[in-house]
There are 2 protein chains.
Amino acid sequence: MSLPVKDRFDLPEGVIYLDGNSLGPLPLSVKSGLQGVVEDQWGQNLIKGWNVDRWMEQPTRVGNRVARLIGAPEGSVVMGDTLSLKVYQAVSAALEMRPDRKVVLSDNGNFPTDLYMAEGLIRHLDKRHELRVVAPEEVADAITEEVAAVMITQVDYRSGRMHDMAAITAKAHSVGAVMIWDLAHSAGAVELDLEGSNCEFAVGCTYKYLNGGPGAPAFIYVRPDLTDGIAPALAGWMGHDAPFAFEQSYRPAGGIERMRVGTPPVLQMSALEMALEAWDGVDMGDLRAASVRLCDLFIAEVEAKCPELTLASPRDAAQRGSQVSFAFEHGYAAMQALIARGVIGDFRAPNIMRFGFTPLYIDEGDVVQAVDILADILNTKAWDREEYQTRSRVT
Amino acid sequence: MSLPVKDRFDLPEGVIYLDGNSLGPLPLSVKSGLQGVVEDQWGQNLIKGWNVDRWMEQPTRVGNRVARLIGAPEGSVVMGDTLSLKVYQAVSAALEMRPDRKVVLSDNGNFPTDLYMAEGLIRHLDKRHELRVVAPEEVADAITEEVAAVMITQVDYRSGRMHDMAAITAKAHSVGAVMIWDLAHSAGAVELDLEGSNCEFAVGCTYKYLNGGPGAPAFIYVRPDLTDGIAPALAGWMGHDAPFAFEQSYRPAGGIERMRVGTPPVLQMSALEMALEAWDGVDMGDLRAASVRLCDLFIAEVEAKCPELTLASPRDAAQRGSQVSFAFEHGYAAMQALIARGVIGDFRAPNIMRFGFTPLYIDEGDVVQAVDILADILNTKAWDREEYQTRSRVT
């Protein structure tokens with residue numbers, strides 16, 4: 001399968017979409033398929049859909065598709081809920097695995113909701129635990145024998161800076177800490193070997209590089225040897241060993257199913273399941289190579305044509321995910337001007353212009369054209385117009 | 001608005017659907033509208049959908065539509081996640097409100113996932129709390145000063161037996177306990193006055209009587225005077241006061257927004273938002289009156305024509321939700337035979353045939369016809385065929 005596979009996506013005319021790291025575009029399989037789920041499955045089969053359309057097994061079936069993309073074995077990944085909730089499940093399980101330790105270690109490059117969820121859990125739990133947040137470059141040294149769980153997002157959502165998964169996991173294990181990876185900006189973006197890393201937990205979302213649609217379900221990976229020892233904090237009926245026996249007490253299902261909670265969002269899950277067809281035949285090594293080429297080209301082009309901008313991502317591809325950020329004083333307005341010209345990236349305060357590179361539907365020509373438009377905006381100071389200064393709530 | 005409003009639904013030909021208490025049918029508004037969300041909002045607007053299509057406010061906007069149907073004021077209800085998780089939010093908040101008390105009281109007519117979630121919370125929290133489960137008729141007497149929270153599903157999922165919301169809430173408050181109502185089988189089924197009941201919390205799902213589609217988001221109600229005092233256990237970024245400021249610490253939003261957790265499931269939420277249009281102009285008092293007529297008619301018809309069946313629901317409409325159950329030794333097979341003839345109800349072990357009555361799309365003619373088919377199956381012992389004996393996983 002040679003990349004890109006643009007014909008698998010419904011990309012708007014005249015748009016170069018460099019924001020697939022926020023929300024992936026619409027796969028054609030979803031465009032043509034979701035209405036059938038609505039009309040034929042829900043509409044015609046009604047309650048029977050749980051059986052005949054196999055809605056009930058969908059969270060693990062889709063989990064297996066995601067597993068291939070993140071280097072995890074069959075049966076180790078299940079879909080559901082949101083990334084925030086999957087973080088909660090992982091941290092609560094990790095703390096139960098290390099009852100004598102009181103520190104959850106993270107870094108300030110982590111996406112805030114991970115920190116909030118750990119904070120909420122700790123505050124609610126007993127207030128004797130501590131969420132310790134250090135700088136990304138201090139993580140390795142901060143992993144001490146006090147630490148129950150290391151909870152790190154591999155790729156920084158602002159800069160694209162990528163942690164060394166194998167090294168940090170090995171350090172955590174060397175002191176007996178449990179390792180939790182958040183793969184929000186990794187899944188579908190970089191080559192992963194979760195199984196080889198030996199980490200205990202990983203979580204991630206599917207609406208970014210995996211193109212599952214706005215609010216698509218999250219995933220959780222549990223190392224297979226650990227699953228049956230976990231007593232889930234979020235003990236919902238779909239994680240019960242016999243959900244339709246309606247027993248009065250919780251008895252967790254064997255395997256990864258115990259990480260399920262409530263009734264799965266069938267329409268949203270079906271959209272995701274169809275969206276993942278866009279990955280059929282795609283080799284993650286090829287994808288990573290293409291991603292590095294696109295990012296390197298973008299950096300070279302911007303540095304040649306847009307001297308006002310300063311690289312805010314690692315220059316070394318080995319330390320970078322699949323996005324490139326540049327700092328620019330007038331970054332917010334410049335991004336608005338760029339979006340108005342059809343090049344969609346996004347902005348993160350205070351001054352970061354962020355661009356995601358998604359080899360499934362972005363090629364070298366797109367990169368060069370995007371930078372030419374950016375250079376034109378900078379040369380003409382187009383960003384200085386009043387219409388680009390007003391901040392909307394979400395970018 | 002006179003009921004039914006069958007022309008608002010896409011009901012399969014030749015089907016009498018008496019299982020809207022499990023999964024509501026497809027509203028025409030969703031059938032015609034969801035593809036536009038996929039193609040125009042996601043497909044064309046991409047990341048801008050959060051602003052221009054107002055996805056961000058959808059959980060509270062839809063919450064206001066649900067509020068009207070359950071007798072709650074504007075701004076007191078928010079959508080998201082699953083009912084299991086909303087139970088967790090409510091119970092954890094209630095326990096924080098009564099730190100000196102250690103009992104969560106429920107009854108064995110509660111849907112099991114509520115009990116599981118409370119059990120998981122307690123086990124995880126500190127193991128000093130206790131989930132105490134009594135028989136439904138013992139609830140009032142079991143509400144003592146030991147009780148921190150009373151967590152009750154108003155309408156029993158098997159029998160349709162309905163608790164007296166005002167009386168039990170008053171009893172809970174008389175001893176200083178917090179009241180949590182699960183409205184899974186109440187919302188859209190009976191007339192509710194949540195505000196008048198003065199209960200602290202209510203939760204519910206929207207894929208049953210509210211017809212939001214398989215896996216539609218849940219809701220949570222918090223009594224408005226309490227909301228700003230709650231420190232959520234599930235402290236996700238969408239409940240933060242400034243989610244896009246990406247602050248390192250959690251600072252809950254004012255009002256009901258703090259009960260939000262992660263990124264909302266936009267496709268599923270949009271389906272629900274469109275589905276709720278089927279309630280436009282429907283008066284909940286009229287709906288309840290129609291529901292009582294349908295249920296009473298069904299009981300009378302079955303008792304006249306099907307003497308093999310024994311009523312397993314309260315005969316008094318005031319003590320019954322919008323479903324009627326009958327016990328029958330061969331209930332499983334008889335339900336399969338009935339489904340094969342186009343009358344869809346469901347079965348709950350060991351011997352309960354359950355029928356939901358939904359005045360939006362069911363009328364007296366449907367009820368009479370359904371009972372005639374049931375009587376024919378019983379008279380001919382059609383249920384005795386081998387094909388109807390094998391049990392599938394979900395019914």
Side-chain angles (χ1 to χ4, degrees), chain A residues 10 12 17 19 22-23 25-26 30-31 34-35 38-39 42-44 46-47 49-51 55-56 81-85 88 92 108 112-113 115-117 119-120 124 126 133 213-215 232-237 240 244 246-248 250 261-268 271 344 392-394, chain B residues 10 12 17 19 22-23 25-26 30-31 34-35 38-39 42-44 46-47 49-51 55-56 81-85 88 92 108 112-113 115-117 119-120 124 126 133 213-215 232-237 240 244 246-248 250 261-268 271 344 392-394:
Chain A
D10 187 40
Y17 192 58
D19 207 11
S22 265
L23 175 67
L26 173 61
V30 182
K31 183 178 179 178
L34 190 61
Q35 187 68 12
V38 170
E39 292 191 25
W42 176 13
Q44 293 299 309
L46 293 159
I47 190 68
W50 290 105
N51 288 319
W55 296 341
M56 195 53 71
D81 310 304
T82 62
L83 179 48
S84 298
L85 288 161
Y88 191 87
S92 60
N108 59 29
T113 203
L115 304 177
Y116 304 162
M117 290 303 289
E119 198 184 321
H124 195 76
D126 56 9
V133 181
L234 302 175
W237 72 310
H240 194 282
F244 293 91
F246 303 107
E247 295 172 10
Q248 198 169 305
Y250 183 70
V261 186
T263 303
V266 172
L267 302 182
Q268 201 89 45
I344 303 183
S392 57
R393 190 163 160 213
V394 191
Chain B
D10 186 40
Y17 194 57
D19 205 12
S22 264
L23 175 67
L26 173 61
V30 182
K31 182 178 181 178
L34 190 62
Q35 187 67 10
V38 171
E39 291 191 23
W42 176 13
Q44 293 299 307
L46 292 160
I47 190 68
W50 290 105
N51 288 320
W55 296 342
M56 196 53 71
D81 310 305
T82 62
L83 178 49
S84 298
L85 288 161
Y88 191 87
S92 61
N108 59 28
T113 204
L115 304 177
Y116 303 162
M117 291 304 289
E119 196 184 321
H124 196 75
D126 57 9
V133 181
L234 302 175
W237 72 311
H240 193 281
F244 293 92
F246 302 108
E247 296 172 9
Q248 199 171 304
Y250 183 69
V261 186
T263 303
V266 172
L267 302 183
Q268 201 90 45
I344 303 182
S392 56
R393 190 162 159 213
V394 192

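Here is how names work: the chains are called A, B, and so on, in the same order as the sequence lines, proteins then strands, and each is numbered from 1.
- Both the backbone and the side chain of B:Thr113 come within less than 4.5 Å of a heavy atom in chain A.
- Heavy-atom pairs under 4.5 Å with chain B peak, among A:Gly215, A:Ala271, A:Gly49, at A:Gly215.
- A donor-acceptor pair is defined here as one N or O able to donate and one able to accept, closer than 3.5 Å; no such pair exists between the side chain of A:Glu119 and the backbone of B:Ala235.
- Most heavy-atom pairs under 4.5 Å with chain B: of the set A:Leu115, A:Val30, A:Leu26, this distinction falls to A:Leu26.
- Contact check for B:Asp19 versus A:Leu46: no side-chain heavy atoms found under the 4.5 Å cut-off.
- Across B:Ser92, B:Gly213, B:Pro214, B:Gly236, the residue that shares the most heavy-atom pairs under 4.5 angstrom with chain A is B:Pro214.
- Ranked by non-hydrogen atom pairs under 4.5 Å with chain A, the options B:Val133, B:Leu85, B:Ile344 are led by B:Leu85.
- Using a 4.5 Å cut-off between heavy atoms, B:Leu267 contacts chain A through both its backbone and its side chain.
- Residue contact with chain B, scored on non-hydrogen atoms closer than 4.5 Å, involves the backbone and the side chain of A:Ala233 alike.
- Heavy atoms of A:Pro25 lying under 4.5 Å from chain B belong to its backbone as well as its side chain.
- With a 4.5 Å cut-off on non-hydrogen atoms, B:Phe246 touches chain A through its backbone and its side chain both.
- Counting heavy atoms from C-beta on, the side chains of A:Val261 and B:Met117 come closer than 4.5 Å.
- Ranked by heavy-atom pairs under 4.5 Å with chain B, the list A:Gly43, A:Pro264, A:Gly262, A:Pro12 is led by A:Pro12.
- Separation of atoms CG (B:Leu34) and CH2 (A:Trp42) is listed at 8.5 Å; rounding is to 0.5 Å.
- Distance CG/A:Leu234 to OH/B:Tyr116: 15.5 Å, rounded to 0.5 Å.
- Annotation: side chain of A:Asn108 is in contact with side chain of B:Gln248 (closest heavy-atom distance under 4.5 Å).
- Within the 4.5 angstrom heavy-atom criterion, only side-chain atoms of B:Thr82, from C-beta onward, approach chain A.
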*Should A:Thr263 and B:Leu83 be marked as a side-chain contact (heavy atoms from CB on, under 4.5 Å) after you check the CA-CA gap, both sets of side-chain angles, and the distance that decides it?*
CA-CA 8 Å; A:Thr263 303; B:Leu83 178 49; over 6 Å; no
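- For the pair A:Gln268 and B:Val266, the tightest heavy-atom approach, listed with the atom from each and the gap, is OE1-N, 3.6 Å.
- For a residue to count as touching a neighbouring chain, one of its non-hydrogen atoms must lie under 4.5 Å from one of that chain's; by this rule B:Asp81 touches chain A with the side chain only.
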